[in-house]
Asker: 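Please read through the structure below; I'll follow up with questions.
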Amino acid sequence: MQAPGPDQLLEMYAAMLRVRLFEERARELYAGGRIPGFIHLSVGQEAVAVGVCAALRRDDYLLSTHRGHGHLIAKGGSLRSLMAELYGKATGCCRGKGGSMHIADASVGYLGANGVLTAGCVLAPGVGLSIQMRKTDQVVVAVFGDGAANRGPFHEGVNLAALWRAPAVFVCENNRWASTTAQAVSTAGGSIAGRAAGYGIPGVTVDGNDVLAVFEACTQAVARARRGEGPSLVEARTIRWLGHYEGDPQLYRGKDEVAEGRSRDPVAHLRQILEERTLLDAADAERVEAAVRDEIDDAVAFAEASPLPDARSAFEDLFAHYPWRD
Amino acid sequence: MATVEYAAALNLALREEMRRDPRVYVIGEDIVLGVPFGVTKGLAEEFGPERVLNAPISEAAIVGSALGAAMTGLRPVVDMHFADFVTCAMDEVANQIAKSRYMFGGQVDCPLVLRMPYGIGKSAGGHHSNSVEGWFINIPGLKVCIPSTPRDARGLLKTAIRDPDPVMVFEHRGLYRAVGEVPEEEELIPLGSADVKRAGSDVTVIATARMVHAALEAAELLAREGISAEVVDPRSLVPLDREALAGSVAKTHRVVIAEEGPMRGSAGAWLAWVVTEECFDDLDAPIARVAGPNVPIPFSPPLEAACTPDSEAVAAACRRVLK
């Protein structure tokens, strides 16, 4: 496998920062009442989103989770239409019909966040079948959490993808918590990657706070899928810094876990690597951060300035043709 | 016209559409052999295992994968084996298939068909006899059709396969061996077009699938009593041909709605509301309904028979609304 070059490393750093700062901004906006509904943020988990997506092409597909902002950003989706969607605006990627938990951006192959855990694991073999039948060399990645690995469709989806040798990669973004329930009391066997053996496919566990480790594992899995050798399972172990949802008082876990997460900050970790390799100095870092902040400011300004959807649009997009007959 | 069985007419529709469009594939349990109903029999020989996919017993993955394929350019036709088993894929149908286009603001097409062999018969018992079409008309984002004849089965399935949206086709398993005429030439029957199966002037019987045949038998019985019953088959429940129903009621002023599913909260309950909404001033009597009882379908033949609405029940309901 080719190690990522300087340009790609710097792109990954910018992407990590984009996810981090977007999520932090969304958090402020949510607290300030600008964003309706519920949001699930991925602060601390940026290395998974960026490591996975850096291994993908723009025309590859990604099936995401309820905690999916970072995946969409890393896949190259527009920050403007993402932020506008969180605001419930007409210019949002889903015209205000999806919201945080159901964002989608088909233009970059992002086939949806999902309010139902594990849902992507059964869609993935079908996307893979479509790739096979259309004879392209695309790949589909289904991201799911450690909690989702305990739903039946995980088994059905991975089994079917393995049977079909589908060009799929199953990425478990293991943040230790199924909502408020600890992995130790919800997940038998201890290892989700270990379940891959049951399907006869490769399963690896990587440090999900190390973007290069995630990237390397996913690059191998994606290459295998592109060669037509079938799916793999990558378990990336990371730490959720914030609550399950914004507003979660987190009474179920101690502060030491968040402290552990912060001590292994994936963004700082990549920055350190870049500095060690003299690819980034303090002035560069400031410049990158300023540019990302500008992008996010622009997205927020766009969302703020965008109109709310016309109530009539609630009746559009149900079927391909409008108006439809009831 | 050729005289064929309902199952063969569905098979013909699949063959025609698979020949026409290489994006169409079929998937389900045991579909290479085409057991138990024979609808997919012989397709694997013509189209190969790449397009006739025998799936593991994984309903969530069968149905979910169809959505993944549909969103990325294919046109899957899922054989649900028995409609009852859709419970094992309910999230995929209700939350994923029905909502993806809408929740994504129209970014993706979801052109897929779910073939749903359903209904009471042959002592199949509580897990293989359900009439679940009513569940799905309650889910926005799905189209639902329910053919009663070989001709309708072929024409509706072909339309469903070409439709840009998810369509469920409820095929009554008691009708698979029923015969009827099917045109030699290609025929597409639009969704939302009801069909008058028998013209009459005294009472309108709105019936679906097997109950269309029960209604036609009832109409024969009633004719001997001097009662003229019109049998209207909506053919699709979503979209619904309200105009055709209203047109018939405007003529007869009396309505019986006949279905096999349980009485409570069923498709017939919805049809009764539609008739009330569209035709209240035309009605000369309360609407009568014939439906299954609110119990699971039992196994033993006399128990099953007691739970199966039939032509006698339809005739009795017609007499009642004409009193």
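Residue numbers begin at 1 in each chain, while the letters A, B, ... track the order of the sequences. Nothing here was measured: the structure is a model prediction, and the numbers come from that model.
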Asker: If we define contacts as heavy-atom pairs under 4.5 Å, which of B:Gly141, B:Pro164, B:Gly106 has the most with chain A?
Answerer: B:Gly141
Asker: Taking all heavy atoms of A:Trp164 and all of B:Leu53, pick out the closest pair and write down the distance.
Answerer: CZ2-CD1, 4.3 Å
Asker: Hey, is the main chain of A:Ala320 close enough, under 3.5 Å, to the side chain of B:Asp165 for a donor-acceptor pair?
Answerer: yes
Asker: Report the distance from atom NZ of B:Lys99 to atom CG of A:Asn114, rounding to the nearest 0.5 Å.
Answerer: 10.5 Å
Asker: Shorter than 4.5 Å, heavy atoms on both sides: which option in B:Glu50, B:Met71, B:Gln96, B:Arg51 has the most such pairs with chain A?
Answerer: B:Gln96
Asker: Is any NZ, NE, NH1 or NH2 atom of the basic residue among B:Glu243 and A:Arg325 found under 4.0 Å from an Asp or Glu carboxylate oxygen of the other?
Answerer: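 Looking at A:Arg325 together with B:Glu243, the answer is yes, because their closest N to O distance falls below 4.0 Å.
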Asker: Between A:Arg134 (side chain) and B:Thr72 (backbone), is there a donor-acceptor pair under 3.5 Å?
Answerer: yes
Asker: Need one label for A:Ala314: side chain, backbone, both or neither, based on atoms under 4.5 Å from any heavy atom in chain B.
Answerer: both
Asker: Just wondering, are more than 12 heavy atoms of other shown residues or ligands nearer than 6.0 Å to CG in B:Asp21?
Answerer: yes
Asker: Using non-hydrogen atoms only, which part of B:Pro76 is less than 4.5 Å away from chain A: side chain, backbone, both, or neither?
Answerer: neither
Asker: Relative to chain A, which of B:Leu237, B:Leu142, B:Leu191 shows the most heavy atom pairs under 4.5 Å?
Answerer: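 Max contact count across the listed options: B:Leu142.
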Asker: What is the distance from atom CZ of B:Arg23 to atom CE of A:Met133, rounded to the nearest 0.5 Å?
Answerer: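 Rounded to the nearest 0.5 Å, the CZ-CE separation comes out at 10.5 Å.
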Asker: Supply the atom-to-atom distance A:Gln132 CD to B:Leu74 CG, rounded to the nearest 0.5 angstrom.
Answerer: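 A:Gln132 CD to B:Leu74 CG: 10.0 Å, rounded to 0.5 Å.
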Asker: Does B:Gln107 use its side chain to pair, donor to acceptor, with the backbone of A:Cys93 at less than 3.5 Å?
Answerer: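 Judged by distance alone, yes, a pair lies under 3.5 Å.
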Asker: I need the minimum non-hydrogen distance between A:Val122 and B:Ala60, along with the two atoms involved.
Answerer: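 Heavy atoms only, the tightest pair is CB-O, 3.7 Å.
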Asker: Would you say the side-chain atoms of B:Tyr102 pair up with the backbone N or O of A:Gly98, donor to acceptor, closer than 3.5 Å?
Answerer: no
Asker: OG/B:Ser65 to CG/A:Leu123 distance, rounded to the nearest 0.5 angstrom?
Answerer: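 These two atoms lie 8.0 Å from each other.
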Asker: Tell me, side chain or backbone of A:Leu160 under 4.5 Å from chain B's heavy atoms, or both, or neither?
Answerer: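 The side chain, not the backbone.
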Asker: Chain A heavy atoms under 4.5 Å from B:Asp163: which part of the residue, side chain, backbone, both or neither?
Answerer: neither
Asker: Look up atom CD1 in A:Ile103 and atom CZ in B:Phe104, then write down how far apart they are to the nearest 0.5 Å.
Answerer: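 These two atoms lie 9.5 Å from each other.
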Asker: So which part of A:Asp105 gets closer than 4.5 Å to some heavy atom of chain B, the side chain, the backbone, both or neither?
Answerer: both
